[in-house]
Amino acid sequence: MARAATTSDAFNAIAEPQRRDILALLRAGERPVNDLARELGMSQPRASKHLRVLREVGLVRVRGVGKQRLYGLDARGLRPVHEWVGGFERFWNGSFDRLEAYVQDLKQTRQEE
């Protein structure tokens with residue numbers, strides 16, 4: 001059976017650590033590919049391949065300024081990831097709330113002793 005493309009959606013695209021690093025750099029604003037490559041210690045062609053993947057899944061946008069192409073974060077593409085992680089956030093918040101209640105019960109019990 002053929003393996004599914006690893007770049008078909010945001011989840012698969014951000015599974016690659018260097019792509020996450022690119023997204024983190026783009027949070028600060030648009031940057032040309034050469035700046036990203038230099039900052040991450042990779043070749044320009046490798047950075048371009050990562051940017052292409054991120055662009056194809058809607059996480060990065062590109063615009064031309066003269067001869068230069070500037071890449072910027074398009075965080076709307078992260079909405080499915082955010083929504084999925086949100087379920088775990090609710091889980092952890094509930095767990096912490098239960099832990100806090102347990103600790104308060106322990107404190108109350110010790111004070112009564």
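What you see below is based on every heavy atom in this structure, not just the backbone, and it leaves out hydrogens, waters and symmetry mates. From a predicted model like this one, the values you see are computed outputs, not experimental measurements.
Applying the side chain to side chain donor-acceptor pair (under 3.5 Å) criterion to Arg52, with sequence neighbours excluded, gives Glu56. By the side chain to side chain contact (heavy atoms under 4.5 Å, CB included) test, Val85 is found to be paired with Val81, residues two or more places apart in sequence or in another chain being considered. Shown here are the side chain to side chain contact (heavy atoms under 4.5 Å, CB included) partners of Gln108, two or more places apart in sequence or in another chain: Gln111, Glu112. With sequence neighbours excluded, the residues satisfying salt bridge (Lys or Arg N to Asp or Glu O under 4.0 Å) with Arg76 are Asp74. For Asp35, the salt bridge (Lys or Arg N to Asp or Glu O under 4.0 Å) partners are Arg38, not counting sequence neighbours. Applying the side chain to side chain contact (heavy atoms under 4.5 Å, CB included) criterion to Lys67, with sequence neighbours excluded, gives no partner residue. Partners of Thr109 according to the side chain to side chain contact (heavy atoms under 4.5 Å, CB included) rule, which considers only residues two or more places apart in sequence or in another chain, are Glu113. Contacts of Arg63 classified as salt bridge (Lys or Arg N to Asp or Glu O under 4.0 Å), with partners at least two apart in sequence or in another chain: Glu30. Phe96 pairs by the ring pair (Phe, Tyr, Trp, His ring centres under 6.0 Å) definition with Trp92, not counting sequence neighbours. Applying the ring pair (Phe, Tyr, Trp, His ring centres under 6.0 Å) rule to Phe91 yields no partners; only residues at least two apart in sequence or on another chain are considered. A search for salt bridge (Lys or Arg N to Asp or Glu O under 4.0 Å) contacts involving Arg20 returns nothing, not counting sequence neighbours.
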Exercise for the section: Walk me through it: do Arg19 and Leu54 pass the test side chain to side chain contact (heavy atoms under 4.5 Å, CB included)? Expected result: CA-CA 7 Å; Arg19 291 188 198 124; Leu54 293 169; 4.0 Å; yes
Problem - Derivation of the side chain to side chain contact (heavy atoms under 4.5 Å, CB included) call for Val53 and Asn12 - result: CA-CA 10 Å; Val53 169; Asn12 288 322; over 6 Å; no
Exercise for the section: Run the numbers on Arg55 and Arg61 for side chain to side chain contact (heavy atoms under 4.5 Å, CB included), then give the verdict. Expected result: CA-CA 6 Å; Arg55 198 174 63 246; Arg61 65 188 183 304; over 6 Å; no
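Contact of the Arg69 side chain with the Tyr71 side chain is registered, since non-hydrogen atoms from C-beta on lie closer than 4.5 Å.
Between Val57 and Ala10, the closest heavy-atom pair is CB-N, 4.2 Å. Considering all non-hydrogen atoms of both residues, Gly77 and Leu59 come closest at C-CD2, 3.3 Å.
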Show which side-chain atoms of residues 39-46 pair as donor or acceptor with protein atoms under 3.5 Å away, not counting sequence neighbours.
| unit_1 | atom_1 | unit_2 | atom_2 | d |
| --- | --- | --- | --- | --- |
| Ser43 | OG | Arg46 | N | 3.2 |
| Gln44 | NE2 | Ser48 | OG | 2.7 |
| Arg46 | NE | Gln18 | OE1 | 3.4 |
| Arg46 | NH2 | Gln18 | OE1 | 3.4 |

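Paired with Arg31 under the rule side-chain contact (heavy atoms from CB on, under 4.5 Å), one option of Leu70, Leu36, Ile22 passes, and it is Leu36.
Separation of atoms CG (Leu78) and CZ (Phe11) is listed at 9.5 Å; rounding is to 0.5 Å. Atoms CD and CG, from Glu100 and Asn93 in turn, are 11.5 Å apart once rounded to the nearest 0.5 Å.
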